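Index from 1, following the sequence. Below, each value reflects all heavy atoms present in this structure, side chains not excepted, and no hydrogens, waters or symmetry copies. All values derive from a computational prediction rather than experimental measurement.
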Amino acid sequence: MVVKNQTVVTEFLLLGFGDLHDLKILLFVFLLIIYVMALTGNSLVIVLVMISQNLRSPMYFFLSQLSLSEFLFTSNILPGMLWLTLTGGGKISIIRCFLQFYLLAVCTITQCLLLTTMSFDRYVAICKPLNYTLIMTFGLQLQIITLCWSSGFILSIVLFGFLYRLEFCGPDTINHFYCDIGPVLELACSDVSSAKLVTSMLSTPLVVCPFLLITATYISIFYTIMKISSSIRRQKAFSTYSSHLTVVCLYFGSLASIYIFSPKISSSNTKKNLSLIYILVTPLFNPLIYSLRNQDIRGAIAKHIHLFCT
């Protein structure tokens with residue numbers, strides 16, 4: 001219950017990276033470069049899949065959806081980070097903070113499910129090649145994508161609802177560079193036990209279950225690759241397999257550190273550093289590893305550049 005004469009908080013103060021003095025401009029330029037590269041890479045994948053006839057397979061359809069979620073994710077977080085870097089901290093209204101977390105949650109949940117879907121697609125393509133076109137029909141693709149995005153929106157609404165019911169009347173300072181549910185719950189002066197329980201009940205299966213499913217599919221893929229007689233084909237398959245697995249481990253590892261093991265991490269600076277991997281690295285690396293290293297994607301880029309030049 002809120003005590004009388006306490007001021008109701010309507011804004012939060014995001015500390016960002018703090019006062020960086022001479023390093024402020026350098027960090028701003030670094031973040032801006034990453035932001036532009038992430039937006040460009042993901043936008044390029046989305047456009048190429050839309051206009052290129054040779055990128056009509058299920059793999060690229062799912063990849064374009066992953067790039068779309070990364071585009072929204074980056075656009076939701078990075079502009080605020082750039083602003084906080086220049087100002088050394090700034091205020092954000094509570095409702096805007098909640099909306100930022102809502103879009104963050106939508107993209108995160110959707111990405112977890114999309115990465116699981118993409119691993120299943122690769123499993124069917126490599127381990128069940130003769131049945132691939134029968135299984136991965138366009139109708140199934142649409143159903144899977146609808147499920148991924150609707151799950152993101154619906155489950156995030158549940159978290160948003162618990163946040164919206166909270167009251168804030170004490171400290172208003174968040175030692176972070178974006179609005180995440182953990183730091184916000186620490187500032188609430190009303191009971192947060194239900195919100196913490198629901199967050200734990202949602203985050204644990206949404207991180208652990210997809211990671212276990214992805215691991216199982218990649219183990220099956222590994223054994224299938226080992227049976228390939230051609231060393232060139234096996235090496236090519238391993239190259240794709242290892243790069244995809246690196247992204248998955250990096251993404252789910254950072255997610256687990258933030259949302260599952262975060263209560264065991266006492267230092268707020270450590271949490272912020274782990275968040276940087278989740279916020280900066282994966283949106284930049286996903287288009288590079290999943291797409292731009294891909295021969296079909298590079299071929300589509302070269303083709304459209306040639307058509308544009310001629």
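Using a 4.5 Å heavy-atom threshold, the side chains of Thr10 and Asp172 count as separate. The shortest distance between side-chain heavy atoms of Tyr102 and Leu163 does not fall below 4.5 Å. At a threshold of 4.5 Å between non-hydrogen side-chain atoms, the residues Asn175 and Pro183 do not count as touching. Counting only heavy atoms from C-beta outward, the side chains of Pro171 and Thr173 never approach each other to under 4.5 Å. At a threshold of 4.5 Å between non-hydrogen side-chain atoms, the residues Leu15 and His176 do not count as touching. The shortest distance between side-chain heavy atoms of Leu166 and Leu185 falls below 4.5 Å. No side-chain heavy atom of Thr74 sits less than 4.5 Å from a side-chain heavy atom of Ile34.
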Report, one line per pair, each donor and acceptor closer than 3.5 Å where one atom sits in a side chain of residues 202-214; sequence neighbours left out.
from: Ser203; atom 1: OG; to: Thr199; atom 2: O; distance (Å): 2.7
from: Thr204; atom 1: OG1; to: Ser200; atom 2: O; distance (Å): 3.0

Pairs under 3.5 angstrom only: tabulate donor-acceptor contacts from the side chains of residues 221-228 to other protein residues two or more places apart or in another chain.
from: Thr224; atom 1: OG1; to: Ser220; atom 2: O; distance (Å): 3.0

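With rounding to the nearest 0.5 Å, the separation of CD1 in Ile92 from CG in Leu14 is 5.5 Å. The OG1 atom of Thr217 sits 11.0 Å away from atom CZ of Arg122, with the distance rounded to the nearest 0.5 Å. Between Thr137 atom OG1 and Leu142 atom CG the span is 8.5 Å, to the nearest 0.5 Å. How far CH2 of Trp83 is from CG of Leu31: 15.0 Å, rounded to the nearest 0.5 Å. Atom-to-atom distance recorded for Ser119:OG and Tyr218:OH is 6.0 Å, nearest 0.5 angstrom. Considering CZ of Phe30 and CG of Leu82, their distance stands at 11.5 Å, rounded to 0.5 Å.
Listed here is the closest heavy atom pair of Asn42 and Ala38: ND2-O, 2.9 Å. Of all non-hydrogen atoms in Gly152 and Ile109, the two that sit nearest each other are CA-CG2, 3.7 Å. The shortest heavy-atom contact between Phe177 and Ser275 is CZ-CB, 4.0 Å.
Within the structure, the side-chain hydrogen bond (donor to acceptor under 3.5 Å, both in side chains) test picks out the following pairs touching residues 124-135 (sequence neighbours left out): Asp121-Tyr132. Annotation: disulfide (SG to SG under 2.5 Å) contacts involving residues 100-162, sequence neighbours excluded, are absent. Screening residues 33-57 for ring pair (Phe, Tyr, Trp, His ring centres under 6.0 Å), with sequence neighbours left out, gives no hits. Pairs engaging residues 179-189 under the side-chain hydrogen bond (donor to acceptor under 3.5 Å, both in side chains) rule: Tyr178-Asp180, Asp180-Tyr259 [sequence neighbours left out]. Pairs engaging residues 139-152 under the side-chain hydrogen bond (donor to acceptor under 3.5 Å, both in side chains) rule: Gln65-Trp149 [sequence neighbours left out].
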Verdict with reasoning, Leu68 to Thr110, per side chain to side chain contact (heavy atoms under 4.5 Å, CB included): CA-CA 10 Å; Leu68 176 60; Thr110 304; over 6 Å; no
Working for side chain to side chain contact (heavy atoms under 4.5 Å, CB included), residues Phe101 and Val184: CA-CA 10 Å; Phe101 169 72; Val184 171; over 6 Å; no
Residues Leu66, Gln111; criterion side chain to side chain contact (heavy atoms under 4.5 Å, CB included); working and verdict: CA-CA 6 Å; Leu66 181 66; Gln111 286 168 19; 4.1 Å; yes
Derivation of the side chain to side chain contact (heavy atoms under 4.5 Å, CB included) call for Met136 and Phe120: CA-CA 10 Å; Met136 300 303 297; Phe120 173 72; 3.9 Å; yes
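Using the six-membered ring where Trp is involved, Phe138 and Phe61 have ring planes that are tilted, between 30° and 60° apart. Using cut-offs of 30° and 60° for the angle between ring planes, the Phe98 and Phe160 rings count as perpendicular.
With sequence neighbours excluded, the residues that form a side-chain contact (heavy atoms from CB on, under 4.5 Å) with Ser93 are Ile95, Arg96. Residues that satisfy the disulfide bond (SG atoms under 2.5 Å apart) test with Cys97, not counting sequence neighbours, are Cys179. In this view, Ser52 and Leu48, Asn54, Leu55, Ala300, His304 satisfy the side-chain contact (heavy atoms from CB on, under 4.5 Å) rule, not counting sequence neighbours. Taking the side-chain contact (heavy atoms from CB on, under 4.5 Å) definition, one finds that Met50 meets it with Ile46, sequence neighbours left out.
Taking hydrophobic clusters as Ile, Leu, Val, Met, Phe, Trp and Tyr residues chained together by side-chain heavy-atom distances below 4.5 Å, Ile157 does not share a cluster with Leu103. When hydrophobic clusters are built by joining Ile, Leu, Val, Met, Phe, Trp and Tyr residues whose side-chain heavy atoms come closer than 4.5 Å, directly or via intermediates, Leu99 is not grouped with Ile154. Hydrophobic clustering, with ILVMFWY side chains joined whenever heavy atoms are under 4.5 angstrom apart, groups Leu140 together with Leu115. Note: the hydrophobic cluster containing Val106 does not contain Leu147 (ILVMFWY, side chain heavy atoms under 4.5 Å, direct or indirect links). Under a hydrophobic-cluster definition in which Ile, Leu, Val, Met, Phe, Trp and Tyr are linked whenever side-chain heavy atoms come within less than 4.5 Å, directly or via other members, Leu134 and Ile144 are assigned to different clusters.
Although no hydrogens or angles enter the test, the distance criterion places a donor-acceptor pair under 3.5 Å between the side chain of Ser190 and the main chain of Glu167. Within the 3.5 Å criterion, the main-chain N or O of Phe12 finds no donor-acceptor partner in the side chain of Lys91. Asn76 places a side-chain N or O within 3.5 Å of a backbone atom of Gln100 that can act as its donor or acceptor partner.
Applying the 4.5 Å side-chain rule to ILVMFWY residues, one finds Met201 in the same cluster as Leu197.
Phe162 carries Arg165 over the face of its six-membered ring, with the cationic atom under 6.0 Å from the centre and within 45° of the normal.
Counted within 6.0 Å of CE on Met37, heavy atoms from surrounding residues, nucleotides or ligands total 12 or fewer; the atom is thus considered open.
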